[in-house]
Amino acid sequence: MDPSPGATPYSAPAGCPMHQQQTSLYGPEFAADPHRVYDTFRAHGPAAPIELAPGVDATLIVQHEAALRVLQNPALFARDSRRWAALREGAIPMDSPVLPMMMYRPNCLFTDGAEHLRLRKAVTESLARLNSSRVSRDVERIADYLIDQFIERGSADLLNEYAKLLPLLLFNQLFGCPGDIGDRLTRSMSAIFDGEDVLRANAELTECLMELVALKRRQPGDDITSWLIQHPAGLRDEELKDQLVMLMGAGVEPERNLIANALLLMLSGDQPGGHERRGSGMLVEDALDDVLWNNPPIANYATHYPVRDIELDGVVLKAETPVLISFAAANSDPSLTDARQTLSKGAHLAWGAGPHVCPAKSPATLIALTAIEKILNTVPDLSLAVPASGVAWRPGPFHRALVALPVRFTPTAARRTPAAAQPPAPTSAQLPDPYRNAPPQPAAARHAAEPAKKPKGWWSSFLDVFRV
């Protein structure tokens with residue numbers, strides 16, 4: 001989609017190949033080779049005009065130094081998306097798939113100044129109460145459950161059957177979700193990340209999280225939701241709901257991509273053309289660091305809004321227009337030498353920088369490390385079922401995400417649950433005793449008498465296996 005003249009917040013220099021049109025970040029061409037696009041952008045300046053979705057224009061920062069200047073200067077670059085002029089004026093489609101990731105919510109991702117500090121303090125101090133041993137144990141239990149669903153088959157899609165589901169189920173555990181709320185939370189978050197009927201999914205997400213907040217006010221537990229409620233910041237229900245949205249949004253999509261991208265890296269070394277550092281001998285920690293440098297799970301995000309027109313190395317960033325940071329492009333900036341990458345693991349921007357730097361770096365790393373070690377130790381002969389160069393990447397402006405990660409291995413017996421491609425549906429054996437012991441009825445009468453059974457979701461099925 002070509003914008004009309006003057007519609008873009010970025011003025012490209014004469015002779016720039018992007019002078020006449022913006023580059024779409026949501027199509028398959030970009031997903032197939034994003035670094036080619038970043039290289040082209042960088043050759044003409046620190047920023048470039050992009051289209052995040054049909055009708056949604058923005059500017060992408062692609063140089064490392066420029067990215068730091070934006071991230072570390074909240075006085076000039078605000079995070080509150082209520083400043084977004086095009087959205088405020090009704091020029092952005094309300095069903096746009098990027099709105100759930102960009103629209104204002106009263107959480108510490110979209111606030112500035114004292115309000116940001118108040119909300120961030122509640123989040124960071126609640127996260128600090130997490131016990132690393134407990135988190136590792138929860139990850140291992142969920143991993144065991146998911147592996148049992150496919151281990152007898154001898155093949156699996158480690159993206160959709162493992163890396164995607166594990167963090168979704170883990171957040172249900174960390175938030176203290178009962179079965180029904182957790183099932184709806186898993187379903188709605190999956191739909192939002194996959195861009196499926198986002199208006200309905202966002203409404204369902206809001207509904208189930210408000211139910212969770214009300215439940216935890218009545219019955220607090222040893223979980224993040226209860227800790228946020230108990231925090232001295234005195235968060236309102238709406239604020240509580242939106243801190244949970246932020247935590248899940250900042251944890252699920254990045255975590256699944258970090259796990260899957262690192263597994264791809266480690267498994268690709270045994271194939272012809274595999275990188276010399278890769279393969280079974282590569283440490284999981286090194287694989288994670290490699291991904292954070294070269295294929296960060298969230299490639300383009302951290303939306304800022306200039307408070308006034310600002311010149312950045314010859315590029316004018318218009319006030320109240322979205323300016324995104326390309327963590328992927330900044331990390332691959334030629335101004336960062338190979339020696340710096342080798343010697344300084346923390347120099348990359350995958351966790352962000354400045355006042356909005358990710359507060360969950362340590363637990364996020366622990367989750368990915370535990371999940372990868374668990375699958376590699378449980379299924380030691382994992383191998384890619386397709387050439388590493390043939391895997392498909394999921395289109396989208398924000399993430400660096402695989403469509404699938406097909407693998408094969410020697411089938412073995414499930415340990416805790418029967419192998420099943422989907423969570424088990426309720427059976428008569430799970431019904432109360434009066435139903436199990438009732439005399440047989442004709443099928444028609446039985447179907448008329450019994451209410452329809454709602455299929456179980458992943459979380460309630462997991463609880464059936466590991467319920468304490």
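Counting from 1, the numbers follow the sequence of the chain as shown. Only heavy atoms go into these numbers, but all of them, side chains included; no hydrogens, no water, no symmetry mates.
A distance-only check finds a donor-acceptor pair linking the side chain of Asp223 to the backbone of Ser226 [under 3.5 Å]. Counting only distance, with no hydrogens or angles, the side chain of Asn295 and the backbone of Val291 share no donor-acceptor pair below 3.5 Å. Remark: side-chain polar atoms of Gln149 are paired, donor with acceptor, to backbone N or O of Tyr145 under 3.5 angstrom. Proximity of a side-chain donor or acceptor of Gln243 to a complementary backbone N or O of Pro106 within less than 3.5 Å is detected.
The distance from the CG atom of Leu324 to the CG atom of Leu52 is 5.5 Å, given to the nearest 0.5 Å. For the atom pair Tyr104 OH and Leu109 CG, the distance stands at 11.0 Å (nearest 0.5 Å). Summarising the geometry, atom CG belonging to Asn107 is positioned 11.5 Å from atom CG belonging to Leu240; distances are rounded to the nearest 0.5 Å. To the nearest 0.5 Å, atoms CG (Leu71) and NE2 (His304) are separated by 5.0 Å. Interatomic distance, CD1 of Ile181 versus CG of Leu209, reported as 8.5 Å (0.5 Å rounding). Of the inter-residue distances, the one linking His64 atom NE2 with Arg69 atom CZ reads 13.5 Å to the nearest 0.5 angstrom.
The aromatic rings of Phe30 and Tyr38 sit perpendicular, their planes meeting at an angle over 60°, well past the 30° parallel limit. Using a 30° and 60° split on the angle between ring planes, Trp84 and Tyr305 fall in the tilted class, from 30° to 60°.
A salt bridge does not link Glu125 to Arg129: none of the charged nitrogens lies less than 4.0 Å from a carboxylate oxygen. Under a 4.0 Å N-O distance rule, the pair Arg134/Asp138 qualifies as a salt bridge. Using a cutoff of 4.0 Å between basic side-chain nitrogens and carboxylate oxygens, Asp39 and Arg42 are scored as salt-bridged. Salt bridge absent: Arg137 and Glu140 never bring a charged side-chain N and a carboxylate O closer than 4.0 Å.
Val323 pairs in a side chain to side chain contact (heavy atoms under 4.5 Å, CB included) with only one of the listed residues (Ile61, Thr303, Leu312), which is Ile61. Just one of Arg184, Lys216, Lys241 meets the side-chain hydrogen bond (donor to acceptor under 3.5 Å, both in side chains) condition when paired with Glu211; it is Arg184. Test Arg308, Arg88, Arg82, Arg83 against Glu320 for side-chain hydrogen bond (donor to acceptor under 3.5 Å, both in side chains) and you get one pass: Arg88.
Leu185 places none of its side-chain heavy atoms less than 4.5 Å from the side chain of Leu244. Residues Ser190 and Lys164 form a side-chain contact, since some pair of their non-hydrogen atoms from C-beta on lies under 4.5 Å apart. Between Phe171 and Ile224, the closest side-chain pair of non-hydrogen atoms is not below 4.5 Å. Between Leu292 and Leu258 the shortest side-chain heavy-atom distance falls below 4.5 Å. Inter-residue side-chain proximity for Ser136 and Leu366 is flagged as met; some heavy-atom pair is nearer than 4.5 Å. Using a 4.5 Å heavy-atom cutoff, the side chains of Thr365 and Trp351 are in contact. No side-chain heavy atom of Val391 sits less than 4.5 Å from a side-chain heavy atom of Leu384.
Residues Leu212 and Gly176 approach most closely at CD1-O, 3.9 Å, considering heavy atoms. Closest non-hydrogen pair, Met246 versus Cys108, comes out as SD-SG, 3.2 Å. Of all the heavy atoms in Ser332 and His35, the pair that sits closest is OG-ND1, 3.6 Å. Between Pro93 and Ala91, the shortest heavy-atom contact is CD-O, 3.9 Å. When all heavy atoms are compared, the tightest approach of Pro167 to Gly251 is CB-O, 4.5 Å. In this structure, Met266 and Ala287 approach most closely via the heavy-atom pair CG-CB, 3.6 Å.
Counting non-hydrogen atoms of neighbouring residues, nucleotides and ligands closer than 6.0 angstrom, the CD atom of Glu65 reaches no more than 12 such neighbours.
Checking Asn294 against Asp290 by side-chain atom types alone, a donor-acceptor pair falls below 3.5 Å.
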